[in-house]
Structures are given as C-alpha cells and as structure tokens.
Amino acid sequence: MIFKQRTHNCGELNTKFIGQNVTLNGWVAKKRDLGGLFFIDLRDRYGITQLKINPGNSELISIVEKLGNEFVISASGKVIMRESVNKNIPTGEIEIDVDNLEILNESETPPFVVEEDVKATEELRLQYRYLDLRRKSMVNNLIMRNNVYQTVHRYFNEKGFIEIETPVLMKSTPEGARDYLVPSRVHKGKFYALPQSPQTYKQILMVAGLDKYVQIWKCFRDEDLRADRQPEFTQIDIEMSFVTQEDIFKLSEGLYKRIWKEDIGVELPDTFSRITYDDAINTYGIDKPDFRIKDIMKIINISDVVKNSEFKVFQDAITSGGIIAGIKLNEIKDSKGIKIEITRKIIDKLTDFVKENGLGGLGYIKINDTGELQSPLLKFLSVEIQNSIVSKFNAGKGETIFILSGNKNKVLQTLGQMRLKLAGDFNLMDNSKYEFVWVTDFPLFRYEDSEGRYYGEHHIFTRPKPEHLKFLDSKDKDEILSIRADCYDLVINGIEIGSGSIRIHNSDIQKKVFNITGFSDEEANERFGFLLKAFRYGAPPHGGVAFGFDRTITLLRGLTSIRDVIAFPKTVSASSLMDNCPSNVSGGQLDELGLSLKK
C-alpha cells in the first residue's frame, strides 16, 4: 500500500502552522457526526489533532462513514483555526480541514475504549496490551523510562564508569529467591540459570581491575509476586573498587539528585537522611521507614515504665521476654479543619487489625480536651504510672496513645503497620514529598527456625563490620545474630529502591561466612569456586549497590504498581495474558533437551 508520508505528528501543530498543508497519520480515537459535518480525533503517540470533514465532499464522507475507533488512517489538508477551542490539549486551537483521507488499516471493535479514564479491568488491559499502550498516560510512562535511561547513561559516563554486559546464562547459585533454570541441549542433564543479579560477575570484574562498572540489566527471580515485584525486572547495577560506604552514598545521591532534577524538575538535598537498621525497627517497626510521617507516631518502648504495674497482660509480656510499646496519634482534623474524634468504632477496627497480626488486643489512653485521661487500662495502672506513660509520649490534649504488648518482633512490626494504616486512613502523609533515607548496618545473618540454619540477610558476599569479625568464629547464636554488616538500603517514601554493601574480598572471611550458612568447603567450591579462585589472585576491596529501575520510574510517575511502567509485564501469577506464556512445549523439544515431565 502506498500512502502519503506524514509531514507532522499529532501533537505538534498549533496556530503557527495555520494555512499550511499537512499530512497526519494515526488512529481514530473518536468520530462525531454533527448533521453531516464530521469531526475526527486522530491520535498517535505524540498527541491528538482534530480533523474536520465538511459535508460537501461526498467522496470523503463515504470514507468517513466507514471509520470506526482504532482504524489507521492518513489525512491531508490545511491547518485552520478551531471555532471551539479545546484548552486541554496542545493542539486545541487548530484543526485540519481535510481534503484527502485514506484508510490504511481497519480495526475490529476494540474490547475497551482507548481513553485515559479507561473502564477496563487490569486483566483485560494486559490481555490487549497493544491497545492499552496507545493511551497517553501509558506512553508517558515509557517516555519517562527512556528519559531516565539517558540520564543514567550520561551520569555514569561523566563519572568514568564502563558499561559492561554480564551473561544472561549463568551458573545456578540458589540463595534467596529460586532461580529460573534453562536446560542445556548440548550438555544434557545440566542447566543454566537466569541471573537473579550480576553479583558474582561484577565482583569478578573488580578482580579484573575494571574498577568502575555499571549496567542497566535484567534480573530474574522465581518468587511470589506483589504489586512491586515481577519475575523479570530491571536494575541499575553498580560496583566500584577501593571505595568506602561513603563513596557509594555520595555517588548514589548524585545519581538520584540528577534523575529527579532532569526528569521531573525536583531539587533534592545534597545528602539523604540516614538511620541504622536497629533504630529503624525500634522506632518505626520496619526496615524501610516512610519519613513523610517521621515526626509523628514514633514507637516508644514503655516496658520500664509499666514493669511494676499490676496489669497481668503487661507482666506476662515482660516475664516471657517481650515488650510493651506504643505510638501516639496527634490530634487530627478533617479537610475542613474539624477535629476527628477517635471513637470506639475506630478503636474496634484497630483492635481487629492488631488481632489479625497475631496479638491479643489493643490498649489505648485518650487525653480529652480538659486533660483528663480516658482508658479501660487506668484501673490497672497507678496514677504515677499513668503520668509516666503520658510524659514518655509527650502527649497532650486531644491526643491518643495506642499500646501493644507481647513478642518484641511482633509488637514492633504491628506498630509499624499501624503507623502506616493511621497515616493512610487520616491523610497524615504529604504525598507531594520525596523522602529519601539510607538504612544502614543490617544484620549479616538471619536464622530460620524451621530449617535450623542461618541465611545471609542480604547475600553471603556482604562484609561484616570490622568490629564484628570476631563473632564469625563464635558458636553462640546470639553473638552470630548480633553481627552487623557494611550493608545499606536506599528507601524513598517507604519503598526500598536500592540495596548494596561493601563486599568480602578476603577468601578466609568468605569461607567463614559460607560455613555459618551451612556450606561445606566442597559445596562452597561447587557453587562459588570460580569466585573464590578469583579472590586468590589479588582481589581489591570493593563494594556496590543496585537500584530498582522499575520502582524508580513508578515513583517518578506517582504510580503504585510497576506493571504500569513496564511495556509487557506479567501478572501476579507470573503469566503473560497477551501471549499466554508460560505455555506448553512439544514432546520433540523436551526430547532434544533430555527432559520428561512429571504428571
């Protein structure tokens, strides 16, 4: 088919082009018939331009009458001033007085209307992703993604980094999430794995002397999915030699400062806030605190204050090694400035929330407008203890203290979730803010009781803090779990956006970490022998960080799901509705690979 080459796109014409003859190509977004006078909204990825077809041209009218939504057409004509200006689009002051129209391709009736206020379910949008991607907001998501790509490339090029591609087919080293395995046809019975991250390769690059490495790379993890998880995702991967944690923070802060400035015009501070893992858990109940609510509802441990009370619930918690802690809810007002009363109904819903998290109940102390305390707990607490609790929380009139008791981890975790719930329920967060915070000094290990073994909290190549190296030789569980690492996460608005560490570059230390996590020398050599061998040939001190590219774009676009910023994402069950994968393969393919399927 021969068609006229477009002279302009559907988003660039304005009053400066009035009187010019132009040709536009695109999709029919809408057709309106005003008694024989037709108007067509023509759409491409750049925008929408209105076409005007006058009733006097019977040949054009016969073509227009055939048009349906999503037909692909070519239209030529003169740019004229619109009689009714549309201020909502850049091309809203002009229209095209069409003198030639050609249908380039017809379309079946689409399963949903391609519009910004789309009515379709996410499942239907994913099934017809090529239609969903015609929406301007989806186009803008991908344009933002492209823009940030360019910002990242420029930034690291200026800093002297080398972009190096690491293998997609690698050795399986199952630690953490499950690997995606790829069977080898040539080496029957053996498998490659898709990389969960380029971790071992980038460390080997440091051994090779390539001291500044970066790439924007796909990673693959076979894990249960959520809104911010995908089986394949993209990260900005960075590794450097002869650096400290401070060097990595400075580089990373410069990167995000550049991205926010260039791509959304927001100026970030030169340095980001910092908090240790232990302080984050004890103060906010979570290792990715949302600092948009940092000045309210901090967790306060009041175990010492109430330890001499006669309240059996508190005594039982303390006796069993648990804690009593709480948060204070300031006086809150609605959008009209009217005070919101913390009613029994609100407290009952919070109590249900607490019980769903495995705790027995929720205690509270309300301070009314006269300063009087109101709570079922008061009969169990002396006036001295009551006053001490109020003082500990620095609570005043109109405020409410919520108190939990029990297992330390469960209490802190539940209070952390309560903070977020209350902030969401009562609009206590400023959603226009971007609060960046580094969380540092994570535990090196965690212990899984069900398996009776230790795992690396982040990964098993993370360096212990120098003052904790002595505990690598310990057999005491508490001492081993007390080891803190030169490990850090970057959190934005309560979302973990990046993670990294200073690495182990000494074979002896690496061997001790392997041993604690249950690897014999033989197993360690089988899985990581190539890395350990490399370390014997002069490994430099090194460290790095990886940032979630999809999550970064999601935050920049003000969205909640990374699926909206990925061109062809998977569902929460790791399937693609558009092309129906994963799918069955033929018996011949399995035979070539030397595989058979279990029934």
Side-chain angles (χ1 to χ4, degrees), residues 276-287 289 297-329 347-367 373-395 399-422 441-443 445-454 457 471 474-484:
T276 67
Y277 169 88
D278 291 330
D279 284 346
I281 294 296
N282 291 325
T283 307
Y284 303 107
I286 195 169
D287 62 3
M297 293 190 289
K298 288 185 177 180
I299 297 172
I300 305 293
N301 189 329
I302 57 170
S303 300
D304 286 344
V305 174
V306 302
K307 64 182 180 182
N308 295 322
S309 76
E310 298 179 0
F311 189 32
K312 187 176 185 302
V313 173
F314 289 171
Q315 289 302 319
D316 288 347
I318 292 172
T319 302
S320 62
I323 65 168
I324 298 92
I327 55 176
K328 179 187 72 173
L329 180 63
I347 292 172
D348 286 343
K349 285 185 176 180
L350 289 172
T351 301
D352 291 340
F353 176 80
V354 165
K355 289 182 177 179
E356 289 170 3
N357 281 270
L359 292 172
L362 175 67
Y364 69 91
I365 297 175
K366 292 174 62 176
I367 306 170
L373 305 187
Q374 297 176 328
S375 170
L377 294 176
L378 299 183
K379 59 187 175 184
F380 301 107
L381 307 174
S382 67
V383 172
E384 180 183 1
I385 291 177
Q386 293 174 29
N387 291 336
S388 295
I389 292 173
V390 172
S391 176
K392 189 88 171 179
F393 283 93
N394 193 26
E399 298 179 336
T400 304
I401 300 168
F402 295 107
I403 300 172
L404 295 178
S405 61
N407 174 271
K408 179 180 179 180
N409 291 336
K410 193 168 287 186
V411 166
L412 294 175
Q413 182 184 46
T414 304
L415 286 172
Q417 293 174 3
M418 272 187 65
R419 292 180 71 251
L420 297 174
K421 177 175 174 56
L422 289 168
D441 301 350
F442 277 78
F445 302 108
R446 72 178 191 277
Y447 189 81
E448 294 291 341
D449 289 315
S450 59
E451 301 178 43
R453 60 161 291 194
Y454 297 95
E457 178 66 29
F471 295 131
S474 175
K475 301 298 181 184
D476 183 83
K477 181 179 177 182
D478 290 337
E479 286 187 342
I480 292 173
L481 292 178
S482 73
I483 299 173
R484 292 298 180 260

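Counting only distance, with no hydrogens or angles, the side chain of Arg453 and the backbone of Ser450 share no donor-acceptor pair below 3.5 Å. With hydrogens and angles ignored, the 3.5 Å screen pairs a side-chain donor or acceptor of Gln386 with a backbone N or O of Leu381. Looking at Ser320, its side chain does come within 3.5 Å of a backbone N or O of Ala317 through a donor-acceptor pair.
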Fill in: Phe442 vs Asp287, side chain to side chain contact (heavy atoms under 4.5 Å, CB included): CA-CA, chis, key distance, verdict
CA-CA 9 Å; Phe442 277 78; Asp287 62 3; 3.9 Å; yes
Fill in: Full working for side chain to side chain contact (heavy atoms under 4.5 Å, CB included) between Asp278 and Asp441
CA-CA 8 Å; Asp278 291 330; Asp441 301 350; over 6 Å; no
Solution key, residues 349-363 side-chain donor-acceptor pairs under 3.5 Å, sequence neighbours excluded:
residue: Thr351; atom: OG1; partner: Ile347; partner atom: O; Å: 2.8
residue: Asn357; atom: ND2; partner: Phe353; partner atom: O; Å: 2.8

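Checked against side chain to side chain donor-acceptor pair (under 3.5 Å), Asn387 has no partners two or more places apart in sequence or in another chain. Legend: residues meeting side chain to side chain donor-acceptor pair (under 3.5 Å) with Asn301, ordered by chain and number and at least two apart, are Ser303. In terms of the side chain to side chain contact (heavy atoms under 4.5 Å, CB included) criterion, residue partners of Ser375 (sequence neighbours excluded) are, by chain and number, Ile365, Leu377, Leu378.
Evaluation of the side chain to side chain donor-acceptor pair (under 3.5 Å) test over residues 304-314, restricted to residues two or more places apart or in two chains, returns Lys312-Asp316. Listed by first and then second residue, the salt bridge (charged side-chain N to carboxylate O under 4.0 Å, His left out) pairs that reach into residues 386-395 come to none, sequence neighbours excluded.
Salt bridge Asp449/Lys477: present, at least one basic N to carboxylate O contact under 4.0 Å.
In this structure, CG on Leu415 lies 11.5 Å from OG1 on Thr283, to the nearest 0.5 angstrom. One distance of note links OG1 of Thr400 with OH of Tyr364; it measures 9.5 Å at 0.5 Å rounding. The distance from atom CZ of Arg419 to atom CZ of Phe402, rounded to the nearest 0.5 Å, is 13.5 Å. Of the inter-residue distances, the one linking Ile403 atom CD1 with Ile324 atom CD1 reads 9.5 Å to the nearest 0.5 angstrom. Taking OH of Tyr284 as the start and CG of Leu420 as the end, the distance is 12.0 Å to the nearest 0.5 Å. The distance from atom CG of Asp279 to atom NZ of Lys298, rounded to the nearest 0.5 Å, is 10.0 Å.
For the pair Ile367/Leu373, a side-chain contact is recorded, criterion being any heavy-atom separation below 4.5 Å from C-beta on. Taking the side chain as every heavy atom from C-beta outward, Ile299 and Leu412 approach each other to under 4.5 Å.
Environment of NZ in Lys408: sparse, with no more than 12 heavy atoms of neighbouring residues, nucleotides or ligands closer than 6.0 Å. Remark: Glu384 CD is loosely packed, at most 12 non-hydrogen atoms of other residues, nucleotides or ligands lying under 6.0 Å away.
Using cut-offs of 30° and 60° on the angle between ring planes, the pair Tyr447 and Tyr454 is perpendicular.
Across every non-hydrogen atom of Glu399 and Asn394, the tightest pair is OE1-O, 4.0 Å. Of all heavy-atom pairs spanning Ser482 and Glu479, the tightest one is OG-O, 2.6 Å. Counting all heavy atoms, side chain and backbone alike, Phe445 lies closest to Ile483 at CE1-CD1, 4.0 Å. Closest approach of Asp476 and Asp478 over heavy atoms only: OD2-N, 3.1 Å.
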